[in-house]
Protein chains: 2
Amino acid sequence: MSTQAAEGLRGRKKRQTRTALGHAAVRLVAEHGLDHVTVEDISAAAGVSPRTFFNYFAGKEDAVLGPDPEAGPRMRARVLAAPAELSAAAAVRDALLAEVAAELADDRELWLQRMRVVQQHPVLLAKVFSGGEVVERELVAGIAERVGLPADDTYPLLLGAAAGAAFRVAIARWAGTATPLHVLLAEAVDMLAHGLAEPHRD
Amino acid sequence: MSTQAAEGLRGRKKRQTRTALGHAAVRLVAEHGLDHVTVEDISAAAGVSPRTFFNYFAGKEDAVLGPDPEAGPRMRARVLAAPAELSAAAAVRDALLAEVAAELADDRELWLQRMRVVQQHPVLLAKVFSGGEVVERELVAGIAERVGLPADDTYPLLLGAAAGAAFRVAIARWAGTATPLHVLLAEAVDMLAHGLAEPHRD
DNA sequence: TCACAAGTGTGCACGGTCTGCAAACTTGCA
DNA sequence: TGCAAGTTTGCAGACCGTGCACACTTGTGA
């Protein structure tokens, strides 16, 4: 729900091809496993040539993960737009929760299947992290701007990295339980805000 | 300084070849950039055949990073061996600092060059993360055991992930400043322990 | 001393990944 | 209708990574 207006017939078809490739990649890998699926398979399933595949994605992994280039700027904007009375940590917390809500609303089923595939293929996990790195960089920039520190200061870097950590942990737990993602994410973020103190035991 | 005794001539040569390949990889990539260096180049510089290269490393990236399979178990042991009166977070803090000290003492110059190379090649960053993931898993197991929670509970997962985040931030800052790594790492860990509260301004 | 088992290095072949290039083809617009 | 710009595609080529078979080295026990 970001750039749907004034796209023209050209852009529309491009977007269609891209999502067709992405969906095919997730489905095929879920069915046959990552290294029993070739770029040729994915292209065929999406009805384009293998060469065209590489016009859209850098490789199999990218197609499965379908990285969102707007996620970084969005997080940055969210952090900067948060009410001024909130602490930076609280602003990041809210930004994370809002982002998760928006992402899931977009394409819930695909997301879940994607996560399942990622859990089964450590190679994909690596790509997720490096993708998260790009987002994290923008997030760090937003935090730095908000608190008035340079972007290479420990505080913005660490808050950004911690946000990434909380996100990953929430995702990991989500894949194994029935608890809603936003609950798990809030739990993780709150734990960070309390200095990682040991939780009370039953 | 872990398994140097009773190695035999066989094992010694194997280790030599491995480090020769690793060093050649770091040096060549530092000189010419990651994708202007082929496996053939690295093998030639180390005096072995390209086929042999793949007996040691899964690819260029692995050779550059020289992953340490013992790092995970070591961290786990450190966390479990920490004095009982320490909190889990403090135990992790000490384990991190001890690990850094040991690693750097081992081969300081290579480490620094490696980090510089990694900063310039996001692809390598991805591998660092996935490598860190393996270590993190062990660390999480240690934390879980120490505090008596299951390893898939939020607390151990998050503390492990946060430790990884602090480590990465410290490394990133270290590559850009003259501050000793252990100081940066302590700063980051303390910031986490204080709930990521905004630091005092000058 | 010798021979043999196990471990290590190497060449070869093969399928897969990814890129550059140039030739079609399609779309948007005058 | 016709042109400019964008998209798809095939082709060639470099590189990656693995399986396999064979040569060579090392350690060991007869």
Side-chain angles (χ1 to χ4, degrees), chain A residues 3 5-22 24-26 28-29 31-67 121-124 126-127 130-131, chain B residues 3-26 28-29 31-67 121-124 126-127 130-131:
Chain A
T3 54
E7 272 262 300
L9 219 159
R10 269 255 232 294
R12 188 179 314 275
K13 252 198 169 170
K14 223 165 125 75
R15 195 163 294 263
Q16 274 179 359
T17 305
R18 186 182 179 87
T19 68
L21 282 169
V26 172
L28 287 176
V29 171
E31 275 177 31
H32 306 113
L34 186 60
D35 29 48
H36 289 68
V37 173
T38 69
V39 168
E40 198 178 346
D41 297 334
I42 301 173
S43 316
V48 296
S49 80
R51 185 63 187 82
T52 296
F53 174 93
F54 288 106
N55 289 340
Y56 285 91
F57 297 104
K60 266 190 282 193
E61 297 85 357
D62 252 45
V64 170
L65 299 178
H121 297 281
V123 191
L124 290 178
K127 297 274 179 180
S130 69
Chain B
T3 54
Q4 76 275 46
E7 271 262 300
L9 219 162
R10 269 250 235 294
R12 188 178 312 276
K13 255 202 169 169
K14 221 166 128 75
R15 195 164 294 265
Q16 275 179 359
T17 305
R18 187 182 178 86
T19 69
L21 282 169
H23 285 223
V26 172
L28 287 176
V29 171
E31 275 176 32
H32 306 112
L34 185 61
D35 29 51
H36 290 67
V37 173
T38 68
V39 169
E40 197 177 347
D41 297 333
I42 301 173
S43 316
V48 295
S49 81
R51 186 61 189 84
T52 296
F53 174 93
F54 288 108
N55 289 341
Y56 285 91
F57 296 104
K60 264 190 287 193
E61 297 84 357
D62 253 44
V64 170
L65 299 180
H121 296 283
V123 191
L124 290 178
K127 296 275 177 180
S130 69

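Chain identifiers are assigned alphabetically (A, B, ...) following the order of the sequence lines, protein sequences preceding nucleic acid strands; residue numbering begins at 1 within each chain. Model, not experiment: these values are computed from the prediction.
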Within the pair [X] and [N], is there a side-chain N or O less than 4.0 Å away from OP1 or OP2?
X	N	answer
B:K60	D:dC16	yes
A:K14	D:dG6	no
A:K13	C:dT27	yes

d([atom1], [X]; [atom2], [N]) in whole Å:
X	N	atom1	atom2	value
B:L34	C:dC18	CG	P	14 Å
A:R15	D:dG6	CZ	P	17 Å
A:D62	C:dC18	CG	C1'	13 Å
B:H36	C:dT19	NE2	P	14 Å

Quiz item: For B:D41, what residues pass the side-chain hydrogen bond (donor to acceptor under 3.5 Å, both in side chains) criterion, not counting sequence neighbours?
Solution: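 With neighbours one apart ignored, the set is B:T38.
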Quiz item: For atom NZ of A:K127, is the number of surrounding heavy atoms from other residues, nucleotides or ligands below 6.0 Å larger than 12?
Solution: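 Not more than 12 within 6.0 Å, no.
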Quiz item: Tell me, which of residues 40-58 of chain B have any heavy atom that sits under 4.0 Å from an atom in DNA chain C?
Solution: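 Per residue number, the list reads B:V48, B:S49, B:R51, B:T52, B:N55, B:Y56.
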Exercise. Taking the side chain as every heavy atom from C-beta outward, state whether A:R15 and A:R18 have any pair of such atoms under 4.5 Å apart.
Key: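 A:R15 does not reach A:R18 side chain to side chain.
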Quiz item: Taking only residues two or more places apart in sequence or in another chain, which ones pass side-chain contact (heavy atoms from CB on, under 4.5 Å) with A:P50?
Solution: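 For A:P50 the side-chain contact (heavy atoms from CB on, under 4.5 Å) partners, ignoring immediate neighbours, are A:E40, A:S43.
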Quiz item: Mind checking what makes side-chain contact (heavy atoms from CB on, under 4.5 Å) contact with A:H32, not counting sequence neighbours?
Solution: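 A:L28, A:H36, A:V37.
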For residues 51-58 of chain B, dump all side-chain donor-acceptor pairs below 3.5 Å to protein atoms at least two apart in sequence or in another chain.
residue, atom, partner, partner atom, Å
B:R51, NH1, B:N55, OD1, 3.4
B:T52, OG1, B:S49, OG, 3.2

